[in-house]
Amino acid sequence: MLGEVHFSAKSVRSNRLGSVTRYYDHHYAAPALPAVMPQLPAAPPPAPALTAAQRAGAAITFTATAGAEPAAASWALYRVSGDAAALVATGRSGSQVKDPNPPPGKSVYCLTGLDRSANEGPASAPFSA
């Protein structure tokens, strides 16, 4: 089905009755990766590396190095717990890699790179912070 939708963003910006805030808190509270579109070219980047971490206030900021070519267009940061990994942050290449809400104590993290078509490359080696 094809079509277009046009609306005024004025009602979204006004946040009447807190509806936009409520929607954001309940439906967009966790980061997510864009959907992969198989019809677009795929060139997943190689694994990056997490090399250092610094806790500042409530966040942990990481130092990361990119893998070889092709360069990543964006990144995804995962916090590992047991056999599961949870996506905790995403960002464009060149932006700070940061966990905005880390738990107290040490955690294990992995970083991946994504190409321009949202194809995810392999994860970095686990890093404790």
Side-chain angles (χ1 to χ4, degrees):
M1 180 180 293
L2 299 174
E4 296 178 16
V5 175
H6 298 271
F7 64 92
S8 170
K10 186 188 295 185
S11 61
V12 174
R13 278 188 245 121
S14 68
N15 195 19
R16 291 187 184 189
L17 303 173
S19 59
V20 174
T21 302
R22 210 169 319 137
Y23 189 73
Y24 177 83
D25 290 345
H26 294 285
H27 297 285
Y28 292 100
L33 296 178
V36 174
M37 295 190 286
Q39 70 271 25
L40 296 177
L50 292 170
T51 57
Q54 180 177 0
R55 191 177 287 262
I60 297 177
T61 303
F62 294 89
T63 302
T65 57
E69 294 292 325
S74 56
W75 52 262
L77 180 66
Y78 294 89
R79 188 182 316 122
V80 181
S81 177
D83 291 338
L87 181 64
V88 294
T90 62
R92 299 294 299 165
S93 183
S95 65
Q96 277 190 328
V97 177
K98 183 186 288 190
D99 181 354
N101 297 306
K106 284 202 170 212
S107 293
V108 176
Y109 292 88
C110 288
L111 184 67
T112 63
L114 290 88
D115 68 9
R116 295 177 65 89
S117 301
N119 296 287
E120 192 170 22
S124 68
F127 184 85
S128 291

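What you see is a predicted model; the values in this text were computed from it and never measured.
With rounding to the nearest 0.5 Å, the separation of CG in Leu17 from CZ in Arg22 is 7.0 Å.
When all heavy atoms of Ala89 and Pro31 are compared, the pair lying nearest together is N-CG, 3.7 Å. The minimum heavy-atom distance linking Arg55 with Pro102 is given by the pair NH1-CG, 3.6 Å.
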Under 3.5 Å, sequence neighbours excluded: what are the donor-acceptor pairs made by side chains of residues 106-115?
unit_1, atom_1, unit_2, atom_2, d
Tyr109, OH, Asp99, OD2, 2.6
Thr112, OG1, Glu120, OE2, 2.5
Asp115, OD1, Ser117, N, 2.9
Asp115, OD1, Ala118, N, 3.0
Asp115, OD1, Asn119, N, 2.8
Asp115, OD1, Asn119, ND2, 3.3
Asp115, OD2, Ala43, N, 2.6
Asp115, OD2, Asn119, ND2, 3.1

Would you mind writing out the side-chain donor-acceptor pairs for residues 64-77 within the sub-3.5 Å range, not counting sequence neighbours?
unit_1, atom_1, unit_2, atom_2, d
Glu69, OE1, Ala71, N, 3.3
Trp75, NE1, Arg92, O, 3.2
Trp75, NE1, Ser95, OG, 3.1

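Taking the side chain to side chain contact (heavy atoms under 4.5 Å, CB included) definition, one finds that Ser81 meets it with nothing, sequence neighbours left out.
Val88 and Phe127 end up in the same hydrophobic cluster when Ile, Leu, Val, Met, Phe, Trp and Tyr side chains are linked at under 4.5 Å.
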